Visitor: 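One structure, pasted below without further comment.
Note that the structure is predicted; figures quoted are calculated from it, not measured.
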Amino acid sequence: MRQTAKNEETRMAHPLSRLTEDEVARNRALLAGAGIATESTRFALVSLLEPAKAAVLAWQPGDPVDRRVRSLLLDRRTGAVRETVVSLTSGEVVADRAVDVVAEGQPPILHEEFDLVEEILWKDEAWNAAMRRRGIDEPRSVRISALSAGCFDIPGETGLRLVRCLAFLQLNKDDNLWAHPIDGVVAYGDLIAGRVHDLIDDGPADIPRTAYDYHLDGPVRDTQKPIVITQPEGPSFTVDGDVVTWEKWQFRIGFNAVEGLTLHQIGFQDGDRLRPVVYRASVAEMVVPYGDPSPVRFWQNYFDAGEYSLGKEANSLTLGCDCLGEIRYFDAVLHDDDGHPHTIANAICMHEEDAGVLWKHTDHYNGSVSTRRQRRLVISFFVTVGNYDYGFYWYLYLDGTIELECKATGIVFTSAFPADDDYPWASEIAPGIGAPFHQHLFSARLDMMVDGLTNAVDEIDAQRVPIGPGNPHGNAFTRKITRLAKESEAARLADGNLGRTWRISNPESRNALGKPVGYTLHPEGQPPLLADDASSIARRAAFTRKHLWVTAYAEDERFPAGEYVNQNDGNTGIDTWIQADRDLDGADLVVWHTFGLTHYPRTEDWPIMPVDHTGFTLKPSGFFDVNPALDTPAPKPQHPGCCH
C-alpha cells in the first residue's frame, strides 16, 4: 500500500518538484533491477529531468506528471560511461545509451576519487622519490589536491579518466596545509587504472614551513557589542512546498547537483495579475582559470559546476554564523557516489533583510516628509570547492528589482614563491608563499519570460552628441539603442565607458505609455577571460569570452560549456549553438551573462580571504506603469512626524 501511495504522489507532483529521498532511492533500485547498476557502478549525477517549458506552463494542479530521473553512470572497473533516464511513474528505464568519452567528455570528478588519488600517489615509488628529493620521507604527510585535467592534446591521454595532482605538506592534523605548497612537481593520475600516468618534476623548491592555522582558537577582540535581528511577528514570506510568496513576488525553489540552487517561475503580483519575469534562473557554470604558465601549472582551469558538481559541495548552514534573523531553511536531497539518497541539511537559507532607504523626499512646497524603507528577500547557499568557498545570494526587492551577488572567500591556491624574484604570474602573500593570478568567472542562465514568451533584447549605450545646429552649447547627450536580432549579433562585451546595458522587452505587452514592457540587465563589466583566444581554456570555456550571449530557447541547451565538461575539448558549448544563428526578435529567449572577478591576491587575502563580491542586477524598465512599491507602509518613526 505504501508504494502505491508513493507512486500516486509522484504521478500528481508538480513537474518541477524537487526529487525526494524516496525518488532517488527508487531510481537506483530500478537501475539495479534492470541490471544496469552493478557493484562497480558509480552515480556521477542523478537529477530530475525537467519537462520542457511548454509542458510545465500548460500543467494544471491535478494533472498527471511523468516523473523522470536522468543518471550519469561510471563503471569503476572499465571506465565505461552510460546515461540513463528512468520513469518513476511507470517504473521503467526509458533511455539508456553509452557515452563516448573521447568525443563527449568524462563525468564530473566523484567524491571517492579525492581519497583514491591520495592512495595512488602515496604508493607510487616515482612520486615518493620526488618527495624524498624535497626532504619528505613520510608519504601520508603529503596531501594531494586532485584537479581537473582539461584538454591539451598531450600524447597518450586520449580516453583516459585523469586528474592532475599538486601536493601540500600537512605538518599535523590541525595544520593549514595550504601554507606548505610542495612545488615543482605534478602527477597525472589515471583514475580507472589506479596508477600514476605521468610525472613532471621541474626541480625542488623550498617548502614554506611557517604555520598559518587561522582556524584554531586564539586571541580575539572584545570590542563588539551584540547585534540582534528580530521579527517578533515572524517573517513576511509564506512557503507551500517549494513555492515561496513574499510581498508581491512568487517563485519556486529548485536544487540539483550541478547548479545547486535554481529559481523557477519568478513572477510579480501586479494588481490582479501574477506577471512572469524569469522562467528559470541559475548559475549554470563557473570556471577558475589560472594565469601561471609554468610546466607544472599551465593546465590549472577548473569548472566548478561541470567538473566538480557545485551543488554536491553545498554546506549545511548554521544560524548565527551563516545566516542571521528569522530564517527558513530548505534541505537539499541529492545522491552519493553509489546512487543512494544523500541529504544536505539546511543547504538553502531564506530570510528578509532591511536594505536601507527605498525612497525619501522632503517637499518644501507642501511641507510633506516621506520616507520608506527598502527590504529584500534573500535566497542563498554556500559551497566549498577545494580551497575556495562561494556564496550565491539571490535578492528580490520591493521595487521589482532582482539581483545576484556571488561571494568568494576561503583560501587562495598557493605555490612556492622564488626568493628574491619578481615572479610575473603570482603574488607573494607571505614569506616564500605565492598565489598565482586567476579569475572567477560565472555564467548566469536567465531563461527570460518578461510578461510572456515573446521577448526581444536591445543593447543600450550612452551616446555623446557633438556641438552642432541641434546642440549649439554641447550639453546634449542621448542613447543609442540596437536590437540584437540574431544569435550571431548577440555575443557582446560590456563597456563601462558607454554605460552599456541590455534590455529584455516584450513587444506584445505594452505599458501605460504604449511602450513594450521590459527588464534591463545591468552588468558590472569586469574583464572577461584574459587567456589567449587560441588557448585551450578559451575554447572550452567560450562563454567567458563575452559578457552577454542570447540564444533562442532550446530544451537541451542547459549548460554553457555543454553537458559533459570534464575533459571535453570544447565542441559542445554556447559558441557552437549560435552557429545556427536563430532569430531572437520576438522569440522565447535565454540570456546568458558572464561576470566575475580577476584576482591578483593580496597579503590581506592570507591566511584566509575576506569575502570578495561580484554579480549583476535586473531592474524593471517600463515593466510597471508607476513605482510598484508606492503602497509600502511607512516605517514606525522613532520621533513623531519624521516619516510621513
Side-chain angles (χ1 to χ4, degrees), residues 50 52-54 56-57 264-267 275-285 402 404 442-461 463 479-495 498-511 514-523 525 528 542-562 572-595 616-623:
E50 295 180 18
K53 185 192 298 188
V56 174
L57 295 177
H264 304 257
Q265 295 180 292
I266 304 172
R275 300 175 63 190
V277 179
V278 183
Y279 174 75
R280 190 182 191 277
S282 70
V283 174
E285 189 55 87
I402 302 171
L404 174 64
F442 303 82
S443 176
R445 182 182 184 271
L446 303 170
D447 187 344
M448 299 302 297
M449 195 176 171
V450 178
D451 242 5
L453 296 174
T454 305
N455 287 180
V457 179
D458 292 310
E459 182 171 272
I460 303 176
D461 291 344
Q463 187 172 39
R479 58 185 179 178
K480 178 183 177 184
I481 301 176
T482 305
R483 176 62 51 93
L484 306 179
K486 306 276 284 186
E487 288 179 326
S488 60
E489 301 168 4
R492 307 295 296 167
L493 290 170
D495 190 335
L498 299 175
R500 179 168 291 166
T501 60
W502 295 287
R503 183 173 186 266
I504 305 101
S505 64
N506 186 330
E508 295 184 355
S509 179
R510 304 276 169 160
N511 59 26
K515 305 294 185 182
V517 301
Y519 260 75
T520 296
L521 172 61
H522 294 260
F543 69 89
T544 62
R545 296 166 66 180
K546 303 290 184 181
H547 293 106
L548 182 83
W549 306 77
V550 186
T551 59
Y553 170 80
E555 186 180 346
D556 58 347
E557 294 178 356
R558 281 274 304 276
F559 303 102
T572 57
I574 196 168
D575 58 323
T576 67
W577 308 340
I578 68 167
Q579 292 174 15
D581 207 15
R582 293 165 289 193
D583 291 331
L584 302 178
D585 197 352
D588 185 0
L589 301 181
V590 179
V591 172
W592 309 77
H593 178 41
T594 302
F595 62 96
F616 64 89
T617 304
L618 275 170
K619 293 184 73 69
S621 49
F623 188 79

Visitor: Any side-chain heavy atom of V278 within less than 4.5 Å of one from I402?
Guide: yes
Visitor: For the atom pair CG (L589) and OG1 (T551), what is the distance rounded to the nearest 0.5 Å?
Guide: 8.0 Å
Visitor: Can you tell me how far the CZ atom of F616 sits from the CZ atom of F442, to the nearest 0.5 Å?
Guide: 11.5 Å
Visitor: Please step through side-chain contact (heavy atoms from CB on, under 4.5 Å) for the pair L584 and E489, ending with a clear verdict.
Guide: CA-CA 10 Å; L584 302 178; E489 301 168 4; over 6 Å; no
Visitor: Any salt bridge between R582 and E557, counting N to O under 4.0 Å?
Guide: yes
Visitor: Distance-only, no hydrogens or angles: does the W549 side chain make a donor-acceptor pair with backbone N or O of V591 under 3.5 Å?
Guide: no
Visitor: Is the closest side-chain donor-acceptor distance between S282 and R445 under 3.5 Å?
Guide: no
Visitor: If I compare all heavy atoms of G586 with all of P507, which pair ends up nearest, and what's the gap?
Guide: CA-CG, 4.4 Å
Visitor: Any idea which heavy atoms bring P516 and N511 closest together, and the distance?
Guide: O-ND2, 4.4 Å
Visitor: Salt-bridged, D461 to R500, with N to O below 4.0 Å?
Guide: yes
Visitor: Report the distance from atom CD1 of I504 to atom OG1 of T520, rounding to the nearest 0.5 Å.
Guide: 7.0 Å
Visitor: Determine the minimum heavy-atom distance between T576 and T572, stating which atoms define it.
Guide: OG1-C, 3.6 Å
Visitor: Within the supplied structure, the quantity of interest is the number of heavy atoms (other residues, nucleotides, ligands) at a distance under 6.0 Å from R479 CZ; does it exceed 12?
Guide: no
Visitor: Hey, is the main chain of K546 close enough, under 3.5 Å, to the side chain of T594 for a donor-acceptor pair?
Guide: yes
Visitor: Work out which heavy atom in F543 is nearest to a heavy atom in A561; give both atom names and the distance.
Guide: CE2-CB, 4.2 Å
Visitor: Are R275 and F623 in a cation-pi setup, meaning NZ or CZ lies under 6.0 angstrom from the ring centre and within 45 degrees of the ring axis?
Guide: yes
Visitor: Between V56 and H264, does a side-chain contact (heavy atoms from CB on, under 4.5 Å) hold up when you go through it step by step?
Guide: CA-CA 11 Å; V56 174; H264 304 257; over 6 Å; no
Visitor: Should the pair H547 and H593 be assigned to parallel (<30°), tilted (30 to 60°) or perpendicular (>60°) ring geometry?
Guide: tilted
Visitor: Could you walk me through whether L618 and V277 satisfy the side-chain contact (heavy atoms from CB on, under 4.5 Å) test, starting with their C-alpha distance in whole Å, then the side-chain angles of each, then the deciding distance to 0.1 Å, before giving a yes or no?
Guide: CA-CA 10 Å; L618 275 170; V277 179; 5.8 Å; no
Visitor: Looking just at side-chain N and O atoms, do S488 and D581 make a donor-acceptor pair shorter than 3.5 Å?
Guide: yes
Visitor: Would you say the side-chain atoms of N455 pair up with the backbone N or O of V450, donor to acceptor, closer than 3.5 Å?
Guide: yes
Visitor: Check E459 with R492, please: is the shortest side-chain N to carboxylate O separation under 4.0 Å?
Guide: yes
Visitor: To the nearest 0.5 Å, how far apart are CG in L446 and CG in L521?
Guide: 7.0 Å
Visitor: Please round to the nearest 0.5 Å and tell me the distance separating atom OH of Y279 and atom CE of M448.
Guide: 14.0 Å
Visitor: At their closest point, which heavy atom of G452 faces which heavy atom of P276, and how far apart are they?
Guide: N-CG, 3.8 Å
Visitor: Does W592 reach the side chain of I574, with side-chain heavy atoms less than 4.5 Å apart?
Guide: yes
Visitor: About how many Å separate NZ of K515 and OG of S509, when rounded to the nearest 0.5 Å?
Guide: 14.5 Å
Visitor: Ignoring hydrogens and geometry, is there a side-chain-to-backbone donor-acceptor pair from N506 to E508 under 3.5 Å?
Guide: yes
Visitor: Could you walk me through whether W502 and L484 pass the side-chain contact (heavy atoms from CB on, under 4.5 Å) test, one step at a time?
Guide: CA-CA 10 Å; W502 295 287; L484 306 179; 4.2 Å; yes
Visitor: Can a cation-pi geometry be assigned to K53 and Y553, taking NZ or CZ under 6.0 Å from the six-membered ring centre and within 45° of the ring axis?
Guide: yes
Visitor: Do R503 side-chain atoms and S621 backbone N/O form a donor-acceptor pair below 3.5 Å?
Guide: yes
Visitor: Please check: side-chain N/O of E487 versus main-chain N/O of A552, any donor-acceptor pairing under 3.5 Å?
Guide: yes
